[in-house]
Amino acid sequence: MKQSANTRAKLRAHRPSATQSIQKNGEIGSAYPQTFWGKIQFHFKRYWQLWIMVLPALCFVALFSYVPMYGLQLAFRDFDPDKGLTGGAWVGFNYFNQFFHDPEFAQILLNTFRISLWSLVMGFIFPIILALLINQIGSEKVKRFVETITYMPHFISTVVMVSMLNIFLTPKTGLLGQFFGNQNLLGVAKAFTPLYWITEVWQHCGWNCIIYLAALSSVDTELYEAAKIDGANRLQLIRHIDIPAIMPTCVILLVLNMGHVLGVGFEKVYLMQNALNQPMSEVISTYTYKMGLLSFQFSYSTAIGLFNTVINFVFLVVANALSKKLSDTSIF
Amino acid sequence: MPHVKAMSTRYPSVRKIVESENGAIYVLPTYKGDSYQSTGQHVFINKVWLDKLGLKMPKTWDELETVLKAFVSKDPNGDGKADEIGMDFPKLDTSSFTWYTPYVLLTSTGITTTFNVSPAMQGIYAKSGKVSSFLIRPEYKRVTQYLARLMKEGLMPRDVLSKDASSFANECKGDGKKACVGVVFAWTARGGVGPELADQYVPLPPLKEFASQSDKSVTWDASGSIAPVVNNSITMSSKAPNKKTLFKVIDSMFTPDMSVYSWFSMKYAKKIGNKTYRIDPKKYSLTMQPAQLMASYISPDMKIEGDIDAQEQTEADKVYKPYYKHFDHIKDVIPVWTKTPQSVANRLQNLNTTIMNYAMSSTANWIQGNKNIDSDWDAYVAKLKNAGLNDQVKIWQDAYNKWAK
């Protein structure tokens, strides 16, 4: 998170004045070094403990996020099993063109946007509402109980989740299926998106609200008291104290989630997919799977995956810039 | 390599399967023995129910419909509940026809399918040397209409097209005591409804579409002849040192003893005579049967007693045997060794995905009754042709012309 101007000023003040104390310790010569290498040396001498602390995380990110990126060149090459990932002939944007001219391109993109925007928006609103409601519960015991119950479903694996959905929606005998005529809702193309986001919200709402609860717990109780003395009712307390208190958290989470706009989870869609709802449920990730792994077109599916990532990245940057402008909170 | 050589001289088609485009051989296959020479696509019917209701074995689509109606309405399992399912099969996949697809009914209309393998899984078939796609054939439309009718009359589960594989398996196996399914598409009865209920089921002989049809016009799935072959079993690096010794090692895997032991493991297989072996039935009660072959060859002069899988398959395939004579195995079938050239591989895969995605979702919605096949059919055919169906057929016709000689 971006540091406030205040803390930044403090840090800046730190450096030049630090030379004084350092002189005392005799670690570094007379003044703050002016050369580049000198600055680096100074920095590491002073902060090496912090660097050691983040080192494992840095290694992890480098190894699992950056190193595999060399494989991205596969999107621009013909895959040749003999020569490995990087050995095939260079074909440029061939595979991207192929995807843009795919007869299913428009439908897949539309499906992906529809499903992910619904789950993004709903998955954003509901945890906030739930957190505000839980925060209203007076008894500490009841509060804990409700929290635990609501975040429990988060730990159900996707496969089990979809099986449950299947069982619940069984026509005639299912818990919910008996209300929806004699067809499984999973077989109704139009019902796919609602089914997806409703189950998504049900499963993760409780878990995602924990972070808001944490933000709410740090609100100064004096504020409530002061507001009450001024005659504020419950709704006004929520509107004028709780919501502003969690707003920065909300914005940061929203921006982070924007980075996944096209990243509709593969497992759940794939598990829920069947020949009946397929026109509405084919998304980029399932299509990549079918193309790449089932049809052995590794280059093509890498290209589709890269396209997906680029779009996600653009969304993230735009959302971040917007939020920086509008609410002065941003990730970078 | 004398043992490998024996296999390829005895079964030339096995050799053709592993041959690459230019005629070279880079991998060796496995041959599981003649007793596995049966297609995986069978249909089973509950004989106990038939007898109980005094019904005859159905011979045509209409008769099957009547039988199914009796199954679901007359409580043949006698528990007082209307919990009988007429006909059951796994849900349609979105990218291909899978094993146990109800579209094996196409054989009633005279189209010979080979659903064990591609390209039939993408709708490609041959008749009198001409390759076509059954996805746009009137025969396909008629089978779909028939399935839609069964669905409408409640003779298949309403969620048959949307439920997952485990619920399908559970539905068929039930609690292991009370049968719940009348007709099921499966490999063997045991595979379909489980060991406890398997005795109640018998294979349903191929059906005629109309009563007036001649017997000869009905065929059956032709995957049997290649079913014992497992491709890509073993290969050796070209950089391997000591190739001579390695060739000897590989050849020894294809000897009778090694073949049986590597398949059933020495713990469960006993040699009881010259090329004769006995399998411990305990092996079949293991939850995880170590029954995948390495590279091996079960030759016709070997005898393996107690191989339950093989016995059941041969048994199940008996009623279908005569029907294998109703078609020509080269002219009416795309031989499994037919290979499309590498240069069109990508094009073909794209066509397959696009065509199947559209065809399967349309088909599923027709069967379910969400859409009307009669009004949609022309647009559907046009759209498939537009998506390149003719190109797909042409690629296979060219390959067929080259390989099916």
Side-chain angles (χ1 to χ4, degrees), chain A residues 78-80 82 91 94-95 98-99 101-105 107-108 159 162-163 165-167 169-174 177 180-192 270-282 286-287 289-301, chain B residues 26 81-83 90-98 101 118 121-122 151-152 154 156-168 170-171 238 342-343 345-371 383-384 386-388:
Chain A
D78 266 332
F79 177 63
D80 186 335
D82 274 351
V91 292
N94 206 351
Y95 287 108
Q98 193 184 331
F99 183 52
H101 292 107
D102 192 300
E104 294 192 65
F105 174 69
Q107 188 64 44
I108 293 171
V159 181
V162 176
S163 296
L165 192 59
N166 253 311
I167 294 166
L169 290 176
T170 310
K172 285 179 193 157
T173 54
F180 295 108
N182 56 0
Q183 179 167 6
N184 191 329
L185 272 192
L186 280 171
V188 183
K190 273 188 197 140
F192 187 84
Y270 189 70
L271 288 165
M272 285 171 69
Q273 195 174 68
N274 57 47
L276 285 163
N277 63 29
Q278 194 259 355
M280 297 293 244
S281 67
E282 189 81 304
T286 54
Y287 192 69
Y289 167 73
K290 282 180 193 168
M291 273 299 169
L293 293 178
L294 297 184
S295 316
F296 308 109
Q297 298 201 59
F298 302 111
S299 298
Y300 188 25
S301 59
Chain B
Y26 298 110
K81 280 183 262 171
D83 56 355
K91 73 172 180 184
L92 296 183
D93 195 74
T94 53
S95 54
S96 67
F97 288 95
T98 52
T101 171
S118 263
M121 287 176 160
Q122 285 84 36
M151 173 67 86
K152 205 173 165 195
M156 329 193 274
R158 286 292 301 178
D159 58 348
V160 69
L161 297 170
S162 52
K163 69 181 166 226
D164 61 7
S166 60
S167 1
F168 165 68
N170 281 336
E171 211 163 75
S238 60
Q342 195 59 43
S343 53
N346 277 355
R347 172 98 182 103
L348 186 62
Q349 293 291 7
N350 288 336
L351 287 171
N352 285 347
T353 311
T354 315
I355 289 169
M356 289 314 285
N357 263 350
Y358 181 65
M360 294 313 262
S361 61
S362 305
T363 306
N365 279 301
W366 286 330
I367 297 177
Q368 190 74 40
N370 295 345
K371 283 181 182 154
K383 184 148 184 194
L384 282 188
N386 206 13

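Only this structure's heavy atoms are used, side chains among them; waters, hydrogens and symmetry mates stay out. Order of the sequence lines sets the chain letters (A, B, ...), proteins ahead of strands, with each chain counted from 1.
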Find the one option among B:N350, B:T353, B:L348 whose heavy-atom pairs under 4.5 Å with chain A are most numerous. B:N350
Of all the heavy-atom pairs spanning [X] and [Y], show the shortest one and how long it is.
X      : Y      : value
B:N357 : A:E104 : ND2-OE2, 3.0 Å
B:S95  : A:L294 : OG-CD1, 4.2 Å
A:A275 : B:L92  : CB-O, 3.8 Å
B:N370 : A:L276 : ND2-CD2, 4.1 Å

Part of [X] within contact of chain B (heavy atom distance under 4.5 Å):
X      : value
A:M291 : side chain
A:Q273 : both
A:Y95  : side chain

Quick one: pull up [atom1] in [X] and [atom2] in [Y] and give me the separation to the nearest 0.5 Å.
X      : Y      : atom1 : atom2 : value
B:S162 : A:L169 : OG    : CG    : 9.0 Å
A:Q278 : B:D93  : CD    : CG    : 10.0 Å
A:I167 : B:S167 : CD1   : OG    : 7.0 Å

I'd like to verify something: which residue of A:L271, A:N184, A:L186, A:T170 has the highest number of heavy-atom pairs under 4.5 Å with chain B?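 The candidate making the most pairs under 4.5 Å is A:N184.
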Check step by step if side-chain contact (heavy atoms from CB on, under 4.5 Å) holds for B:T94 and A:K290. CA-CA 10 Å; B:T94 53; A:K290 282 180 193 168; 3.0 Å; yes
Evaluation steps, side-chain contact (heavy atoms from CB on, under 4.5 Å), between B:N346 and A:Q98: CA-CA 11 Å; B:N346 277 355; A:Q98 193 184 331; 5.6 Å; no
Residues in salt bridge (charged side-chain N to carboxylate O under 4.0 Å, His left out) contact with B:K91, at least two apart in sequence or another chain: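 Salt bridge (charged side-chain N to carboxylate O under 4.0 Å, His left out) list for B:K91, sorted by chain: empty.
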